[in-house]
Amino acid sequence: MSTEKLPKRSADYSAWYNELVKRADLAENSEVRGCMVIKPYGYSIWEKMQQTLDHMFKETGHTNAYFPLFVPKSFLEKEEGHAEGFAKECAVVTHYRLKTDPDRKGKLMVDKDAKLEEELIVRPTSEAIIWNTYRGWIQSYRDLPLLINQWANVVRWEMRTRLFLRTAEFLWQEGHTAHATEQEAVEETLQMLDVYTTFAETFLGIPVFKGRKPAHERFAGAVDTYCIEAMMQDGKALQAGTSHYLGQNFAKAFDVKFTNKENKLEYAYATSWGVSTRLMGALIMAHSDDEGLVLPPNLAPFQVVIVPIYKGDDRSEVVEKCKEFRKRLQAVGISVKLDDRDTHTPGFKFAEYELKGVPVRLALGGRDLKNGTVEVARRDTKTKTSISQDLLESYVKDLMEEIQKNIFQKAYDFRQANTVKVDTYEEFKEAIENKSQFVFAHWDGTTETAEKIKDETKATIRCIPMNNPQEEGKCILTGKPSKERVLFAKAY
RNA sequence: CGGAGUUUAGUUCAGCCCGGUUAGAAUGCCUGCUUUGGGAGCAGGAGGUCGCAGGUUCGAAUCCUGCAACUCCGACCA
């Protein structure tokens, strides 16, 4: 572990992020271009996200299944918009065998005789393979709804990658549901958007705007795309989750028909929805500071770290007390790590756990043994207090809730302070370019206008918020009439 | 895909312009002693085909050519 300080957010936000990811032991670049190694500490956080979301999916009636990594090219072609959208970023398997190179000892080469009849695409998403499978599963309205989720890895050959935010291979979950009616499918789409919103706000501690994407930002093959958008500390937006209403597009492409109650054949209605390891990026960028990661208690691999402090002989006594504390906290459902390594000094450990974002640190030394106290340090506010040992469980338990709330509130206040309404293009540019804010502004509803604004300011329409207040106004660029404001921001 | 940069110890880098002992530092690592309330100290030790392939030269980390990988900025990313 390096002992150097992190770069400051204010000096170079991007460098701060990259360094933090590595130094907090979350992930590192691998030897494979664009692909990361998620390290144990980072993976533990991802596992927490998985567990929480998985529970939420099951509560809403979904079950997990698993579909192949490879998608025959012909499947991907079937839904036209889908095919076009993903074609440029697919990894393609063309051969299934290697052989030793006769000209270079010890080297391998592709065996030209082992060319696949049809190329296999490494899934960039699984609509194609899944809807091809659903054809065999769906005959009657009685087979519906089909509510399935998959935890998987996908590959999108991105030009430029960043740890967690955009990697060539990433982990995610993708829900793929089939329904008998449009209404039910739309309800499912919105339900999952709400699940993501709850997850983001309650567990990640990140307030989000939820809304609908304008037509030109839709998922390839979708009728409607919904999303949640979060603000990072540099004012940029990060799409933290998406939920798509796919209509009958995939059912038609893959011929998934069912007999309805009126004994008529009908195409099934589809949804898909997903969140990825990108959420790790959101978590890091939303809360962390120049000292390192700040983790919400609901997602921290361990919520409390105990650091014993001793001089020579009293080590065993201090460590024993720490073990007792660990036991007491575990008994009330708090996850605890006791760092009783004798090879590092307390100061070193303090710095290390700050870097790693552990929500609460307890320090216990001879002084505390004598006084019956223990020092409690909060990561989010970096404040320390000494409490009576008797209060340990109740104090720490309350503190967990307090920290979770405070982290959300801080992110919320930051977003409020950096979200504005504007009515002129001048104000718009000022807010986007100079202040890097979220901006609610009127838009004439055309793709051309959105493109032009993007070219000139780099801001994109993040979403048209749900329950958006209707309000007469004029498009900031063209002056044409508009009925509502949409959310603009620069985005990751 | 365009632009820039980087490649030397586990890591971060110096050395290169101006070729010449055994290639250095910090940090990390190992051993011992000592220490422990905010990244301890001392002593000793291990660790490098200088990205790869050619070339120039008596001699190349250093100069030349080619290649590759990575990073950053931009474009792209539904």
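Since the model is a prediction, treat every value here as computed from it, not as a measurement. Chain A is the first sequence line, chain B the second, and so forth, proteins listed ahead of strands; every chain is numbered from 1.
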Legend entry - Donor-acceptor under 3.5 Å (A:Y196 side chain, A:G274 main chain): yes
Legend entry - Separation of B:rG39 P from A:D339 CG (nearest whole Å): 16 Å
Legend entry - Inter- and intrachain pairs under ring-ring contact (aromatic ring centres under 6.0 Å, His included), touching residues 218-241 of chain A, at least two apart: A:H82-A:F219, A:F86-A:F219, A:F219-A:H244
Inset, instruction - Find the distance between OG1 (A:T189) and CG (A:L193) and round it off to the nearest 0.5 Å. - result: 9.0 Å
Legend entry - Nearest-angstrom distance from the residue atom CD of A:E375 to P of B:rG37: 12 Å
Legend entry - Rounded P spacing from B:rU62 to B:rG54 in Å: 14 Å
Legend entry - Nearest to side-chain heavy atoms of A:D342, which nucleotide of B:rG37, B:rC77, B:rU35: B:rU35
Inset, instruction - Could you check whether the rings of A:W131 and A:Y134 sit parallel, tilted or perpendicular, using 30° and 60° as the cut-offs? - result: perpendicular
Inset, instruction - Between A:Q239 and A:M159, just flag the one whose closest nucleotide in RNA chain B comes earlier from the 5' side. - result: A:M159
Inset, instruction - Under 4.0 Å between any heavy atoms, over every strand shown, what does A:T242 touch: base, sugar-phosphate, or nothing? Just pick one. - result: nothing
Inset, instruction - Please work out if A:R33 contacts a base, only the sugar-phosphate, or nothing of the nucleic acid, heavy-atom cut-off 4.0 Å. - result: sugar-phosphate
Legend entry - Same-atom distance (C1') from B:rC16 to B:rU6, integer angstrom: 14 Å
Inset, instruction - May I ask you to say what A:G221 touches in the nucleic acid, namely base, sugar-phosphate or nothing, with a heavy-atom cut-off under 4.0 Å? - result: nothing
Inset, instruction - Look at the side chain of A:S14 and decide which nucleotide, out of B:rG39, B:rG37, B:rC72, has an atom nearest to it. - result: B:rC72
Inset, instruction - Quote, to the nearest angstrom, the C1' distance that separates B:rG51 from B:rU31. - result: 34 Å
Inset, instruction - Tell me what A:N18 touches on the nucleic acid: a base, only sugar-phosphate, or nothing, going by heavy atoms under 4.0 Å. - result: sugar-phosphate
Inset, instruction - May I ask you to say what A:R162 touches in the nucleic acid, namely base, sugar-phosphate or nothing, with a heavy-atom cut-off under 4.0 Å? - result: nothing
Inset, instruction - Take the protein atom CZ of A:R367 and the nucleotide atom C1' of B:rU36, then report the distance between them rounded to whole Å. - result: 13 Å
Inset, instruction - In whole angstrom, give the distance that lies between atom NE2 of A:H344 and atom P of B:rG41. - result: 14 Å
Legend entry - Other residues, nucleotides, ligands: >12 heavy atoms within 6.0 Å of A:E433 CD: yes
Inset, instruction - Could you measure between the two C1' atoms, the one in B:rG45 and the one in B:rC64, and give it in whole Å? - result: 41 Å
Inset, instruction - Give the rounded distance in Å between these two atoms: CZ of A:R156 and P of B:rC77. - result: 13 Å
Inset, instruction - Hunt down any stem RNA chain B takes part in, defined as 3 or more consecutive Watson-Crick or G-U pairs whose two distances are each under 3.5 Å. - result: B:1-7 with B:68-74, B:10-13 with B:24-27, B:29-33 with B:41-45, B:51-55 with B:63-67
Legend entry - Selection from B:rG39, B:rC77, B:rG37 that lies nearest to any side-chain heavy atom of A:K454: B:rC77
Legend entry - Any N/O donor-acceptor pair, A:E352 side-chain to B:rG39 base, under 3.5 Å: no
Legend entry - Donor-acceptor pair under 3.5 Å, A:K384 side chain vs B:rG38 base: yes
Inset, instruction - Mark yes when over 12 heavy atoms from residues, nucleotides or ligands other than A:W157 sit less than 6.0 Å from its CH2; otherwise mark no. - result: no
Legend entry - Parallel, tilted or perpendicular: rings of A:W172 and A:F170 (30°, 60°): perpendicular
Legend entry - C1' atoms of B:rA23 and B:rC13, separation to the nearest Å: 14 Å
Legend entry - Length of the line joining A:L165:CG and B:rC72:C1', which is rounded to integer Å: 15 Å
Legend entry - Carboxylate-amine/guanidinium contact A:D289 A:R379, below 4.0 Å: yes
Legend entry - Rounded P spacing from B:rC17 to B:rU7 in Å: 15 Å
Legend entry - Under-4.0 Å salt bridge between A:E229 and A:K213: yes
Inset, instruction - Taking only Lys NZ, Arg NE, NH1 and NH2, and the carboxylate oxygens of Asp or Glu, determine whether A:E324 and A:K321 approach each other closer than 4.0 Å. - result: yes
Inset, instruction - Examine B:rC70: is either OP1 or OP2 under 4.0 Å from a nitrogen or oxygen in the side chain of A:N29? Give yes or no. - result: no
Inset, instruction - Give the rounded distance in Å between these two atoms: CG of A:L163 and C1' of B:rU71. - result: 11 Å
Inset, instruction - Ignoring backbone atoms, test whether A:T345 places a side-chain nitrogen or oxygen under 4.0 Å from the OP1 or OP2 oxygen of B:rA40. - result: yes
Inset, instruction - Select base, sugar-phosphate, or nothing to describe what A:E354 touches, counting heavy atoms under 4.0 Å on all strands. - result: base
Legend entry - Side chain of A:F348 (C-beta onward), nearest among B:rG39, B:rG37, B:rU36: B:rG39
Legend entry - B:rU57 and B:rU65, which share atom name C1', separated by this distance in whole Å: 16 Å
Inset, instruction - Could you tell me the separation between the NZ atom of A:K311 and the C1' atom of B:rG37, rounded to a whole number of Å? - result: 7 Å
Legend entry - Separation of the P atoms in B:rA26 and B:rA69, to the nearest angstrom: 35 Å
